[in-house]
Amino acid sequence: MNRSGAKQQLPLLPLLFGALAIGAGLLGRLVLDQGQVIAPSGTTGMLLWILAPALLGFVFRRRDAATRRPAQGGYFAWHGRSASAAAVAALAAVLAVGLVIAIGLAWGSLMLRPKPLALAQLLPSALGIALFAFLEESGWRGYLMPSLLARTSYLRVLLLGALIWFAWHLPYLDLLTAAYSSESLRTLAPRLLLGVLAMQWLYIELFLRWPSIWPAFALHASMNISAQLALAGGLALSGPQAWLFSPSADGLLVMALCTAIGGGLYRARMRNAKVACPE
């Protein structure tokens, strides 16, 4: 990992990875899906967009000296520390989403009109969301984050990683947000960028503590599953302040929680570093 006193390199490979991942989404939406109605089952363009980070990460990990031979069996190794961290991250994500929804309902900015959900529908939906999260994390934390950390400063890892991750969503952002919000992308997208930035901080600290994709995957998948199943069960954003309590990255309370936890992990890491290397 890059240290603040070390000479920094221009992160060409991770930037190329990001450009190709974003380009795959643009190709899918603007070329492959041109003139098509996007059905719930998806399109060829969406498939390319979803698979791009994972496939590119697989290729780049083997070409990039900084990620070719990671310690402790690689970023996909499943062992006690990463498994325990993943379990805690999953529980924390479910509790956080539940807290945001509960406060939003009490505030009157969320509304719940329960809908019957069959187990036969819930399981495939949850598995699909988890697969989506795994494909994302295979690229973002399986390659992009360690590659950036090896080359550049903490602040640049935070900003570049968040910007690439956010920009990758843009080709299909209207479809992703239409499931829970009718807000214009002109106001939702800038707020989502702030949310992705807050999440990127949390994911950096998780990765530095546990250099594995599994805690990030557990957090990502559990948060999305909890939020999307709640929405499918009748939760709806209502009122002018609904964006405060959106159970997604564009919600202010979600941003605040991610920032608080990421900041807490950062401060704990700095304290431990001072104890380990006193001046």
Side-chain angles (χ1 to χ4, degrees), residues 38 40 87-130 132-133 136 162 165-166 168-170 172-203 205-206 216-266:
I38 308 298
V88 172
L91 178 60
V94 173
L95 292 175
V97 171
L99 176 64
V100 169
I101 291 174
I103 296 175
L105 289 171
W107 193 272
S109 293
L110 298 179
M111 179 175 58
L112 182 62
R113 293 177 177 172
K115 299 177 183 178
L117 291 175
L119 183 62
Q121 295 175 321
L122 292 179
L123 186 58
S125 296
L127 290 176
I129 295 167
F132 194 118
E136 280 201 61
W165 189 15
F166 167 75
W168 173 80
H169 286 84
L170 289 177
Y172 290 93
L173 186 59
D174 58 332
L175 300 175
L176 294 175
T177 58
Y180 67 91
S181 176
S182 59
E183 182 181 352
S184 169
L185 290 182
R186 292 182 180 181
T187 55
L188 190 149
R191 201 169 66 247
L192 180 62
L193 176 57
L194 294 178
V196 170
L197 189 64
M199 287 187 169
Q200 176 75 354
W201 191 15
L202 174 55
Y203 282 135
E205 289 303 322
L206 285 176
F217 161 74
L219 180 65
H220 193 156
S222 299
M223 187 172 182
N224 286 358
I225 288 171
S226 301
Q228 293 189 38
L229 291 186
L231 293 166
L235 183 72
L237 279 67
S238 63
Q241 296 179 320
W243 58 272
L244 288 169
F245 305 101
S246 171
S248 184
D250 62 284
L252 184 62
L253 189 52
V254 170
M255 295 181 211
L257 288 171
C258 290
T259 301
I261 298 171
L265 291 173
Y266 175 81

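Fair warning: this is a prediction, and the values are worked out from it, not measured in the lab. Throughout, residue positions are numbered sequentially from 1 according to the sequence presented.
- Smallest separation of non-hydrogen atoms from Pro247 and Ile101: CB-CG1, 4.3 Å.
- Nearest heavy-atom pair across Ala93 and Met223 is CB-N, 3.8 Å.
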Test side-chain hydrogen bond (donor to acceptor under 3.5 Å, both in side chains) applied to Glu136 and Trp165, step by step: CA-CA 9 Å; Glu136 280 201 61; Trp165 189 15; 2.9 Å; yes

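- Taken from CG in Leu197 to CG in Leu192, the straight-line distance is 11.0 Å, to the nearest 0.5 Å.
- Taken from CZ in Phe132 to CD in Gln228, the straight-line distance is 8.5 Å, to the nearest 0.5 Å.
- One distance of note links CG of Asp250 with CG of Leu176; it measures 11.0 Å at 0.5 Å rounding.
- The CZ atom of Arg191 lies 7.0 Å from the OG atom of Ser246; values are rounded to the nearest 0.5 Å.
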Quick one: do Phe166 and Gln200 satisfy side chain to side chain contact (heavy atoms under 4.5 Å, CB included)? Show the steps, please. CA-CA 10 Å; Phe166 167 75; Gln200 176 75 354; over 6 Å; no

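- Nearest heavy-atom pair, Ser248 versus Tyr180, reported as atom, atom and distance to 0.1 Å: OG-OH, 3.7 Å.
- With values rounded to the nearest 0.5 angstrom, Ile225 atom CD1 is found 10.5 Å from Leu122 atom CG.
- Of all the heavy atoms in Val100 and Phe245, the pair that sits closest is CG1-O, 3.3 Å.
- Nearest approach of Ala218 to Ala89, heavy atoms of both residues: CB-CB, 4.4 Å.
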Name each donor-acceptor pair under 3.5 Å that joins a side chain in residues 230-244 to protein atoms two or more places apart or in another chain, with its distance.
| from | atom 1 | to | atom 2 | distance (Å) |
| --- | --- | --- | --- | --- |
| Gln241 | OE1 | Trp107 | NE1 | 2.9 |
| Trp243 | NE1 | Pro240 | O | 3.4 |

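- No donor-acceptor pair closer than 3.5 Å links the side chain of Ser222 to the backbone N or O of Leu219.
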With side chain to side chain contact (heavy atoms under 4.5 Å, CB included) as the test, would you mind laying out the steps for Leu206 and Leu202 before giving the verdict? CA-CA 6 Å; Leu206 285 176; Leu202 174 55; 4.3 Å; yes

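- Distance check, rounded to the nearest 0.5 Å: CG of Leu253 to OG of Ser109 gives 11.0 Å.
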Step by step, work out the side chain to side chain contact (heavy atoms under 4.5 Å, CB included) result for Glu183 and Thr177. CA-CA 8 Å; Glu183 182 181 352; Thr177 58; over 6 Å; no

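- Scanning both residues, Val254 and Ala249, for their nearest heavy atoms gives CG1-CA, 4.3 Å.
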